[in-house]
2 protein chains.
Amino acid sequence: MAGFSFRLSILSEGRYDAQMVTIHDIARETGVSPNTVARILGGRRGRPYNEGKVLKAARRLGYVRNLQASNLRSGRSGLIGLLVPDIRNPQHTEFFQLLQDAANPMGFQILLFSSGGRMRQELHALQRMEQSRVDGLILNASEGETDEGCDEILQRFLTRKTPVVLAGRPERTIRADEIVIDNHAGMRNMVRYLAKTGRTKIAFVCGDRQSLATRERHEACLATVKKLKLEARTEWSQFGEYTPESGAQQTARLLQMNPRPDAIVAGNDLLAAGALRVLLDAGVMVPDDVAVTGFDDIPLASLVSPRLTTLRQPREKIAREVMELLQERITTRSVDAPKKLHYEPELVVRQSA
Amino acid sequence: MAGFSFRLSILSEGRYDAQMVTIHDIARETGVSPNTVARILGGRRGRPYNEGKVLKAARRLGYVRNLQASNLRSGRSGLIGLLVPDIRNPQHTEFFQLLQDAANPMGFQILLFSSGGRMRQELHALQRMEQSRVDGLILNASEGETDEGCDEILQRFLTRKTPVVLAGRPERTIRADEIVIDNHAGMRNMVRYLAKTGRTKIAFVCGDRQSLATRERHEACLATVKKLKLEARTEWSQFGEYTPESGAQQTARLLQMNPRPDAIVAGNDLLAAGALRVLLDAGVMVPDDVAVTGFDDIPLASLVSPRLTTLRQPREKIAREVMELLQERITTRSVDAPKKLHYEPELVVRQSA
DNA sequence: GTGAAAGCGCTAACAC
DNA sequence: GTGTTAGCGCTTTCAC
């Protein structure tokens, strides 16, 4: 007992305030050294004789390892930061769940930040990740311009050999791993499919103008329209943000036009759902009068009526491969030779087109 | 310089491996003590003379505070644990976002765990929260039975005066704060509304039998049906889980029955969306032939066709008040006199009923 | 307001 | 395999 303070301190009210049990308490209790306790509780072996004693004492005293101390000393954190523009977009929610399921067995926890597309929030999130010493991080596209301060922080991560994975962000100064969705191939297939099924006047309901996904998807559509020599009008390209409300607004504008488009290609499923909403409310038949297509294939796509024809992102594969890459980089402490993980969206034909 | 190791260590490849800058580096650089550096960087004041020097040096050297060390010493973590059964349910996603928006300004971060309703995952999540020394935690209903180990951990949290908020969990041995949704009042209003609009044969599409929400909502429906002397049949009560797929399955079973119900009260919006799906596919008119209602009022409720009549949970209010309660408890270190936060769902009439 | 010293709880490094 | 020692980076305590 000598040299150790009491683990129970008496408060003024006369109640007891239970402190956390430490490896020293268990060491004292069992007569072995703190080191041995730590080793056994850390899963490495000791003398069976000691193992029994230690495990039993730990259980009896209600020992709970202090990750803060553990991580401080070992220089890890067991945390993977995930920054998304809006977790309320099911696409991101699904990705979080898949990432968590892949990360947990590897001993990692996901620290999620939903920035709401706000620049300041995004910067705060990165600062917090840095202060938390995340072992790796995944950055989803901000749905707008990106702050300069962000790049500075990202660069520091890489200098410290903390792996960074960028998704849907324009290539910039920093050389990090990237998730690359082949928006061009996806949209080309989509527009071709629409043309093949007789659509000639294709309109585009897009997310925010600044985002890379928006630009790539929109440009691919225009290029394909041009290549197929379909009708093209600048006012058939509408922009907003990746929400059902925006999709509804944009579609309402399209409905005013003359000639009216016979197909609406939306930048993602949320936009498409909003478009569907407005069309049905206006008595426009989908897909008879107007075809509607989405992007992502979130669960919602199968719940709206008619079911959405869309482009499926291989989320499971992405989540798995990203975590594998991160683990690899974290264990080898190498962030050199940035990798690009390529994925092609798959056309899923349902009812809306 | 004496007594301090170099912050740059040369690797075998001849490159530099930048270590993190510490308050000692800044202290050395500016000639003040580490204590003064910490105080100034911690936001408390110092001599303007020193403040300038320290802040500038910190910026120049790229200092990033180490939260692990800070938290280890101060006994806080700045983390609020949030455990939900399934983050893919938009109800939980929305709640996370609102909670994050309320927590961040208070200096807290949300550590999210999505258990998938699996008992083992839930236990793991609680263990991890305990090891991470979260300052408080919010437990959403597991959608099934709860493990004994969980209660043991929760009890330890409370003993240590770490506040715990339970939501939608049956009251048990532990005395923690609770979020109480008045399922009874909500469902009573819903059934009355259906009766008033001429429905007489009301069926119930529910989540899993074990969950408190399911039991309360179902019982409230049955009680109201009985009170209003409406037709009642045991086979009109179906159970499953809180997913669209389950809602679809349960509804398919109801469609086989004779007599067929003229209203379907679903346990949440996801179930209702699945029900809608099956009804429309079967050519049943909603709400003309069969009325459908949901619970939660997630964004999806306004996107399906017809729009869902549902019961809205005051999520914003709940998130705000829960964080206020947590902050209060964390600062006063008092978990005595558990509070019950009561909320009543609001009937939102749209098109489906 | 500032500096010196101690220590949060753990793991790493090294003898044995 | 085990014990000893040191120290991760910070905050706390206490003189001054």
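Per chain, numbering begins at 1; letters A, B, ... match sequence-line order. The structure displayed is predicted, hence computed values, not measured ones.
Within a heavy-atom distance below 4.0 Å of DNA chain D, the residues of residues 37-46 of chain A found are A:Arg39, A:Gly46. If you check residues 49-60 of chain B against DNA chain D, you find no residue with a heavy atom closer than 4.0 Å.
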>> Run the side chain to side chain contact (heavy atoms under 4.5 Å, CB included) test on B:Ile138 and B:Ile110 for me, step by step, so that the C-alpha distance in whole Å, both residues' side-chain angles and the decisive distance to 0.1 Å come before the verdict.
In response: CA-CA 10 Å; B:Ile138 303 166; B:Ile110 307 294; over 6 Å; no
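In this model, the phosphate group of D:dT11 is not approached by any side-chain N or O of B:Arg76 to a distance below 4.0 Å at OP1 or OP2. Close to D:dG3, at under 4.0 Å from its OP1 or OP2, lies a side-chain N or O of A:Ser33. One finds no side-chain N or O of B:Arg73 lying less than 4.0 angstrom from the OP1 or OP2 phosphate oxygen of D:dG9. Taking only side-chain nitrogens and oxygens, B:Ser70 comes nearer than 4.0 Å to OP1 or OP2 of D:dT11.
Protein atom CG of A:Asn66 is 12 Å distant from nucleotide atom C1' of C:dT11, rounded to whole Å. Protein atom CZ of A:Arg28 is 12 Å distant from nucleotide atom P of C:dG9, rounded to whole Å. In this structure, the CG atom of B:Leu67 is 10 Å from the P atom of D:dC10, given to the nearest Å. For the pair A:Gln131 CD and D:dG9 P, the interatomic distance rounds to 15 Å; values are reported in whole Å. Atom CG of B:Asn71 and atom P of D:dC10 are 12 Å apart (whole Å). Spacing between atom CZ of B:Arg47 and atom C1' of C:dT2 amounts to 7 Å, rounded to whole angstrom units. Atom CG in B:Asp25 sits about 10 Å away from atom C1' in D:dG9, given to the nearest Å.
Among the nucleotides D:dG3, C:dG9, D:dC10, the one closest to the side chain of A:Leu72 is C:dG9. Of the candidate nucleotides D:dG9, D:dT11, C:dG9, D:dT11 has the atom lying nearest to any side-chain atom of B:Arg65.
Between A:Glu122 and A:Arg169, at least one side-chain nitrogen of the basic residue sits less than 4.0 Å from a carboxylate oxygen of the acidic one, meeting the salt-bridge criterion. Of the charged side-chain nitrogens involved, none lies within less than 4.0 Å of a carboxylate oxygen, so that B:Glu51 and B:Arg47 do not count as a salt-bridged pair. With respect to the salt-bridge test (charged N to carboxylate O, under 4.0 angstrom), the residues A:Glu29 and A:Arg60 qualify. Salt bridge annotation for B:Glu321-B:Lys340: absent, with no cationic side-chain nitrogen under 4.0 angstrom from a carboxylate oxygen. Contact check on A:Asp177 versus A:Lys339 returns no salt bridge, with no Lys/Arg side-chain nitrogen under 4.0 Å from an Asp/Glu carboxylate oxygen.
Both tests pass for A:Arg160 against the ring of A:Phe157: distance under 6.0 Å to the centre and angle within 45° of the axis.
Both B:Arg133 and B:Pro48 lie near DNA chain C, and the one whose nearest nucleotide falls closer to the 5' end is B:Pro48. Heavy-atom distances to DNA chain D give each of B:Asn35 and B:Gln68 a nearest nucleotide, and the one nearer the 5′ end belongs to B:Gln68.
B:Leu72 approaches A:Ala69 most closely through the heavy-atom pair CD1-CB, 3.7 Å.
Residue B:Arg128 places its CZ atom among more than 12 non-hydrogen atoms of other residues, nucleotides or ligands, all under 6.0 Å distant.
If you take CD1 on B:Ile330 and NZ on B:Lys161, they are separated by 14.0 Å, rounding to the nearest 0.5 Å.
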